[in-house]
Every structure is written in C-alpha cells, then in structure tokens.
2 protein chains.
Amino acid sequence: MDKDSEKELVGVKEIARRAKVSIATVDRVLHNRSGVSEKTKAKIQAIIEELDYKPNILARRLASKKVLNLAILIPAVSQETDYWNAPLTGIIQAEEEIASYGVKVNKYFFDQNDKGSFVQQANFIVDSNCDGVLLAPMFIEESKYFIQNCISKGIPYVFINSDVPEQNSLCYIGPNLYASGYLAAHLSGFLVADTDQILIVNISKEIDNHHHLLRKEEGFREYFSVNNRSNDIFKIDIRQTAYESVKASMQKALENKNIKLIFVSNSRVSSVARFLEESHITGLKVIGFDFLKENIDFLKKGTIDFLICQKPIEQGYKGIMTLYNYLVLSLEAEKVYYMPIDIITKENYLYYRN
Amino acid sequence: MDKDSEKELVGVKEIARRAKVSIATVDRVLHNRSGVSEKTKAKIQAIIEELDYKPNILARRLASKKVLNLAILIPAVSQETDYWNAPLTGIIQAEEEIASYGVKVNKYFFDQNDKGSFVQQANFIVDSNCDGVLLAPMFIEESKYFIQNCISKGIPYVFINSDVPEQNSLCYIGPNLYASGYLAAHLSGFLVADTDQILIVNISKEIDNHHHLLRKEEGFREYFSVNNRSNDIFKIDIRQTAYESVKASMQKALENKNIKLIFVSNSRVSSVARFLEESHITGLKVIGFDFLKENIDFLKKGTIDFLICQKPIEQGYKGIMTLYNYLVLSLEAEKVYYMPIDIITKENYLYYRN
DNA sequence: ATTAATTTCGGTTACGTACACGAAAGATAA
DNA sequence: TTATCTTTCGTGTACGTAACCGAAATTAAT
C-alpha cells in the first residue's frame with residue numbers, strides 16, 4: 001500500500017494567485033505568446049517550475065476548438081498482398097481512440113508498383129493543410145522530395161515500416177531488417193545440418209523495395225558466417241510476383257540441387273509454399289515473413305515452419321500515437337523504435353497479436 | 001483519400017434543442033436518473049439514438065470531480081525473483097496515462113510465500129472504498145473469498161497472470177499455460193533427437209503456484225504424445241527455491257542419465273543455468289520462462305537456448321486499462337485475453353518489449 | 001506636458017458535461 | 001375551491017484551460 005505524498009494538482013488559477021497576476025497572463029507564458037514583460041515572465045516560470053505544473057490535457061483539448069489534421073500516406077491494399085491492411089487497422093484504431101480529442105486522420109493511398117501515384121498523393125497532402133504526416137517511404141527519392149515540402153511548411157513526419165535514415169524524421173517505427181534476417185538464420189540453424197544446402201528467395205517487383213530485402217539477406221548470411229557454418233547458400237531474385245513466375249523460377253532453382261531449407265525474405269513466402277505443395281516436394285524447411293492468412297494456412301499445415309512478424313498493426317497505431325503525443329502532449333519521440341521480432345509457429349499463432 | 005460523410009459531433013445541447021427540453025433533462029436520461037416522465041424520456045432516447053450521440057469524454061471527466069479509485073493486489077517484488085516488477089511497471093504506466101483523467105491506483109502487495117499476508121491485504125482493500133480491483137489470484141480459496149466481498153459490494157475485478165475460471169471476473173489477462181508448455185515442447189523438438197532424454201524441472205514453494213506449473217507440464221507432454229515422439233521424459237519437483245537446494249536436486253536428477261534437454265517450467269530457469277555453468281556441464285539444451293535479467297544473461301551466453309515470455313508489463317497495463325475502459329467509458333471487456341506466447345532467443349531479445 | 005503609440009495585463013466568455021437548487025406543473029386531499 | 005405534496009423540469013454554476021477584447025501602464029513622439 002503506497003503512501004506517497006499526494007501532490008495537490010494545481011492549475012493556472014493557483015499559479016496566477018501566487019504570481020499576483022491574472023490567469024490570462026499565466027496562459028500567455030505557458031504558450032510563450034508575446035505580451036508579457038521579461039520580469040513577470042520569469043516570475044511565473046519560476047512558480048510553474050516550483051509547483052511542477054502539469055496542464056490538464058482534458059481541459060486543454062476541450063477549450064481549444066481547433067482540430068488536429070493528420071495525414072497518412074501508405075500503399076493501398078492490393079489483390080497481390082493485403083499486408084497493408086494491418087498497419088491501416090492500427091491507424092484506424094488509434095484514430096478512433098483520439099477522435100474525441102479533436103484529431104482527424106486523412107488517408108491517402110498509393111500503388112506500390114507506381115511511383116507516379118505516390119508523387120500525386122504526396123502532392124495532395126502538401127496542398128491540404130495538415131499538422132502531421134505518417135509516411136511509408138517506399139520510394140526513396142520521391143519521399144525525400146516530399147519531405148522537403150513538409151520541412152518548409154514546418155510539418156513533422158513519421159516513417160513507418162521502412163526507414164530513410166538521415167532525413168530528420170520525428171521518428172522511425174518498424175523493423176530492424178538486418179536483425180530479423182539474422183534471427184531467421186538462427187532459427188534455420190536449428191533446422192539444418194552443416195552439410196545441407198540453403199536457398200534464399202527474394203520476390204519483389206520494385207527496385208526500391210528490393211533494397212529492403214537485401215538488408216535481411218545480409219543479416220541472414222552474416223549469421224552463418226559469424227558462426228562458421230559452412231552450408232552452401234544459393235539465392236534467386238524473382239522480379240515477377242505472379243504465381244506462375246514464382247513457380248517457374250523455383251523449379252529452376254531446385255534443379256540438380258539438394259536444398260534443405262528455403263528462406264523467403266518477405267511475405268510472399270506463401271507462393272513458395274504453394275509451389276512446394278503442388279509439386280509434392282516434402283522434407284524442405286521453409287521460413288518467411290508476416291502474419292498473413294495465406295501464410296498462416298501453410299504454417300498450420302506444416303509447409304511453412306517459421307514466420308517472422310513485426311506487429312504491423314501496432315506499427316500503424318504507434319505511428320499515429322507518436323504524432324498525437326508530439327503535437328498535442330508535446331512529448332518528444334524516440335528517434336528509432338524497432339519493433340520486436342516475433343517468431344510465429346504452428347503452436348503460438350493463435351495467440352499472436354499483430 | 002477518404003471522403004466519408006463528416007458527422008457533425010453533436011452534444012447534449014443539440015439534443016435538448018431538438019427535444020425542446022433543457023440540457024439537465026437530457027443529462028438525467030443519459031445517466032438514467034429519476035425525475036423524467038416516461039414520455040419525454042422516450043422522446044429524448046429516440047433522438048439520442050438517431051443522432052448516434054457519443055458523450056465527450058473529456059468534458060465528462062472534467063466536469064465530474066469524483067476520482068476513480070482502483071486497487072491492485074499482486075505479489076511484492078522479492079529478492080528471490082523480481083518477476084512482479086514487470087506487471088507493476090505496466091500498472092504504473094497505465095496509472096500515469098490516466099492520472100489526469102481523475103483515476104488513482106492504490107497498490108497492495110502480498111508475500112508469495114504467505115497466504116496470511118494475502119488475506120490481510122485483501123481485507124484492507126475491502127475496507128477501503130474502491131471502484132475496481134486488479135488481482136493476481138495466486139491463492140485460490142482465499143481469492144474466492146475475497147471475490148465474494150467484491151461481488152457483494154458491486155466492485156468489478158480483473159484477474160491477471162493466472163486464472164480462476166468460473167468466478168465471473170470482468171476478465172482474465174494472462175497466459176494460456178497449457179499452450180505455452182506445448183510451444184516449449186515444439187521448440188524442444190527442434191533441439192533433440194528422438195532418442196534423447198528430457199528433464200522437466202518444476203521449482204516452486206507454494207502448492208497453489210505449483211498447480212500452474214502442472215498445466216505447462218501437461219501441454220509439454222501432450223506435444224510429445226501427439227507427435228509420437230518417444231523420448232524418455234523425466235521430471236523433478238524442487239520445493240525449496242534457494243540455489244543450494246536447486247543445485248542438490250539437479251545433481252541427483254542428472255546422475256546416471258543422459259539428459260539432453262531441460263525444460264524449466266517457470267522463471268527460475270536461471271538457477272538451473274547457473275548450476276550447469278558452475279558444474280561445467282555442456283551440450284545440454286535449456287528452455288525456460290520469462291524475460292528476467294538473470295535469464296537474459298544466460299541466454300546471451302548460450303546456456304539457455306529459448307525463453308518463453310508473455311508480456312508481463314503489458315499484462316499490468318491492460319489490466320488497469322480494462323478497468324478504466326469498463327468503469328469510465330463503459331466498454332465491455334473480452335472475458336479472456338490470452339497474451340501472445342513470445343519466443344526469445346539470443347538474436348531477438350534486444351528488440352523484445354515486455 | 002500633452003498626445004499618441006506601444007507594451008503589458010485583466011476581465012470575460014466559451015468548450016461540453018455534471019449536478020445542486022429551486023421553480024413550475026401536476027396530483028391528491030381537504 | 002384552496003392547500004399540500006409529488007413529480008417533472010429549467011437555471012445556474014463549476015471543472016481547467018484558451019483566447020478575444022479592451023483597459024491600464026509604460027514608452028515614445030511632439
């Protein structure tokens with residue numbers, strides 16, 4: 001049972017009384033508006049300091065009638081993959097939670113396979129007047145350009161899902177790609193012997209996106225190198241994401257080899273699993289990414305052994321909340337927030353929360 | 001870019017205007033207080049329905065000057081294990097978040113090895129006047145008695161960390177013990193061959209607590225049974241938690257056997273790891289529970305291979321928030337909220353969030 | 001010294017809801 | 001009918017902060 005000293009919550013009124021000024025004046029220094037002499041300003045600030053005054057958020061939001069406009073720019077959910085459903089879900093969750101606090105989230109979507117749509121939507125955001133941006137910087141150069149516009153308008157922005165370092169974003173929320181590749185390799189280590197052959201599969205159409213996969217591959221290879229494991233590691237890049245294309249590439253890749261484990265560097269792992277199943281190839285271990293329905297189906301059946309996932313819903317949720325905390329509560333954000341690297345198996349997927 | 005219809009946020013004032021009554025009358029039906037004729041009550045309710053009125057939480061908390069008193073009853077952090085630090089951290093986090101909403105959390109702690117202290121603290125809570133209780137029902141009968149008191153006073157209660165089913169709690173937040181044991185077995189399956197011997201170690205002083213460990217053991221054994229794995233599985237119960245006692249028991253247990261994997265059914269796994277290290281026993285795989293500093297140290301060194309963890313901080317956080325949501329926002333809670341079963345290894349522990 | 005311009009500050013209302021208090025309307029009894 | 005009681009409802013103030021508007025104090029210009 002705690003008996004710590006009950007701090008009486010003081011408000012502007014008490015501060016005004018002690019400083020022998022009106023609450024309006026206190027309000028002015030709180031928002032460092034002009035119109036207060038240096039002397040009284042100092043006096044009031046001292047009292048604020050002394051009393052450890054914390055403004056009442058409720059009263060503040062209630063009295064301030066202006067609504068906060070946030071904008072998000074993320075890929076649209078396509079028929080190819082519904083990965084971005086998850087971050088969007090988190091974004092909507094956050095929106096509902098803070099809607100009554102006068103926050104509105106305007107949603108803009110672009111086509112992952114079309115840089116033009118990204119630029120177009122980004123321009124819409126620039127033209128709208130918003131107070132903060134949540135962005136999936138999938139196209140690096142275009143993102144940098146967009147950011148320049150934000151900076152010149154004084155709009156803070158948060159990166160989600162993939163980072164563009166050195167761009168002075170409020171924060172980055174997403175995976176540490178390298179580390180997740182490294183972990184995948186560790187899990188692989190349990191599944192194969194030193195003499196077994198390993199295949200890395202990168203499936204991605206857009207070159208920018210491909211870049212992210214390479215980071216995972218580096219981490220993956222690093223593990224085997226650091227631990228002096230001498231497995232043969234092959235790799236293929238598949239640049240057409242349709243199943244037929246994956247199938248053809250996989251057939252070729254497995255020819256005349258004795259691959260024992262396949263590492264698919266993104267959520268497209270279900271295509272590979274489907275191929276293995278349809279070809280009646282068994283005895284192969286498979287590791288991939290993301291908690292998608294198709295992937296889980298194969299996980300249940302044992303075609304996929306491990307999925308690595310990084311809480312996409314929470315990424316969206318935290319992205320919005322970071323902007324809210326910064327703009328409304330004026331809390332500073334962690335510059336980099338790496339999401340936990342979750343391991344999903346047949347046995348724990350039921351309890352997983354994105 | 002969404003263009004859904006902007007719902008104008010309406011308040012009691014608008015409702016009052018439409019119903020041609022005063023806001024006080026609207027307020028009365030909102031809180032279904034007495035003093036309103038059935039006719040006007042029906043009229044007002046219809047309008048509320050039609051307009052899909054959502055009360056403004058900020059204004060509500062601001063105007064209502066009564067503070068909400070929550071009580072928690074959890075084990076004290078002992079020198080033996082600081083596991084309960086984590087839930088407490090989450091509880092404090094939640095408290096800070098909602099403190100400005102007029103919520104206060106009163107903390108009561110009991111000694112895990114002393115039922116009497118549990119009863120005593122529970123009585124303190126009953127005598128205090130609180131509006132909700134968060135409880136770790138470690139001692140089953142005593143908890144049931146406590147709950148009876150809560151029910152008779154109309155106080156809602158939430159279970160955390162371990163469940164007592166059929167007690168009509170607002171909700172249970174914590175692990176699915178059986179499933180986590182099952183997962184541990186699955187991971188073990190990767191680490192051992194069919195001919196290897198396995199040792200299950202239960203370390204716990206209190207019998208009630210022991211009961212929880214058995215659920216994990218069941219899940220563990222079930223996996224091997226379901227998958228027709230024929231490993232010899234031995235087991236020991238250690239009823240004294242001090243290291244010397246663990247050491248003696250372990251020495252005896254390993255004698256004349258060829259154990260290849262040890263499954264420790266709770267967070268005491270570091271004692272076992274310490275024993276192995278001091279005895280220079282290598283080549284043994286170890287699986288245990290919980291993200292504690294001692295455990296992580298051994299994980300880093302490779303003495304422990306896997307830790308299973310179930311977000312104790314979040315358990316505390318969610319426990320308080322569930323009460324808050326129920327009492328303040330009158331949101332119903334999920335009856336059972338099983339925490340995700342997280343797998344922690346050398347490679348991902350850095351990114352783990354409790 | 002007087003006026004004008006500027007800086008500094010206080011009074012006041014508003015945000016959406018809760019609730020005490022008292023007034024009006026209706027019901028009952030004489 | 002009038003008096004009394006009960007039910008039903010409206011007025012007004014408060015919660016802690018934001019911000020407008022105008023007043024007082026200070027400074028600058030004549």
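Chain letters run A, B, ... following the sequence lines, proteins first and then strands; every chain starts at 1.
- The shortest distance between the side-chain N/O atoms of A:Lys66 and the OP1/OP2 oxygens of D:dA19 is below 4.0 Å.
- Between B:Thr25 and D:dC9 there is no side-chain polar atom (N or O) within less than 4.0 angstrom of OP1 or OP2.
- OP1 or OP2 of D:dC9 lies within a sub-4.0 Å distance of a side-chain N or O belonging to B:Ser37.
- As a whole-Å value, the separation of B:Arg17 CZ from C:dG16 P is 14 Å.
- When the P atom of C:dT13 is taken as reference, atom CD1 of A:Ile23 falls 12 Å away, rounded to whole Å.
- Counting non-hydrogen atoms under 4.0 angstrom, A:Lys20 reaches the backbone sugars and phosphates but no base.
- Side-chain contact check for B:Glu97 and B:Tyr317: at least one donor-acceptor pair (N or O, by modelled atom type) lies under 3.5 Å.
- No engagement by B:Lys41 is indicated, since no non-hydrogen atom pair under 4.0 Å with the nucleic acid exists.
- Minimum atom distance to the side chain of B:Ala24 is reached by C:dC19, of the listed C:dA18, C:dC15, C:dC19.
- Computed from coordinates, the A:Leu51 CG to D:dG16 P distance equals 14 Å when rounded to whole Å.
- B:Leu30 places its CG atom 12 Å from the C1' atom of C:dG16, with the value rounded to the nearest Å.
- For the pair B:Ala63 and A:Arg28, both in contact range of DNA chain D, the more 5′-proximal nearest nucleotide belongs to B:Ala63.
- For A:Lys335, the NZ atom is densely surrounded, since the number of other residues' heavy atoms within 6.0 Å is greater than 12.
- Distances were taken from every side-chain heavy atom of B:Leu62 (C-beta onward) to each of D:dA19, D:dG16, D:dT17; the shortest belongs to D:dG16.
- A:Glu14 has its CD atom 16 Å from the C1' atom of D:dT17, to the nearest Å.
- Among the heavy atoms of the strands, none lies under 4.0 Å from A:Lys39.
- Under 4.0 angstrom from either OP1 or OP2 of D:dC15 there lies no side-chain N or O belonging to B:Tyr101.
- One interatomic measurement links the two molecules: CG of B:Asp27 to P of C:dA20, which rounds to 11 Å at whole-angstrom precision.
- In this structure, A:Gly35 reaches the bases: a heavy-atom distance under 4.0 Å links it to at least one base atom across the strands shown.
- Across all strands, A:Leu58 comes closer than 4.0 Å to no nucleic acid atom at all (heavy-atom distances).
- Ring planes of A:Phe118 and A:Phe110: perpendicular class, angle over 60° (limits at 30 and 60°).
- A:Asn161 and A:Tyr172 share no donor-acceptor pair across their side chains, judged by distance under 3.5 Å alone.
- Taking for each of A:Thr40 and A:Ala59 the nucleotide of DNA chain C with the nearest heavy atom, the 5'-most of the two is the partner of A:Thr40.
- The neighbour count for A:Tyr351 OH, taken as heavy atoms of other residues, nucleotides or ligands under 6.0 Å away, is above 12.
- At the heavy-atom level, B:Asn56 lies under 4.0 Å from the strands shown only through sugar-phosphate atoms.
- As a whole-Å value, the separation of A:Arg60 CZ from D:dC15 P is 19 Å.
- Whole-Å rounding puts the B:Ile57 CD1 to D:dC15 P distance at 22 Å.
- Summarising the local packing, CG of B:Asp127 is surrounded by more than 12 heavy atoms from other residues, nucleotides or ligands at distances under 6.0 Å.
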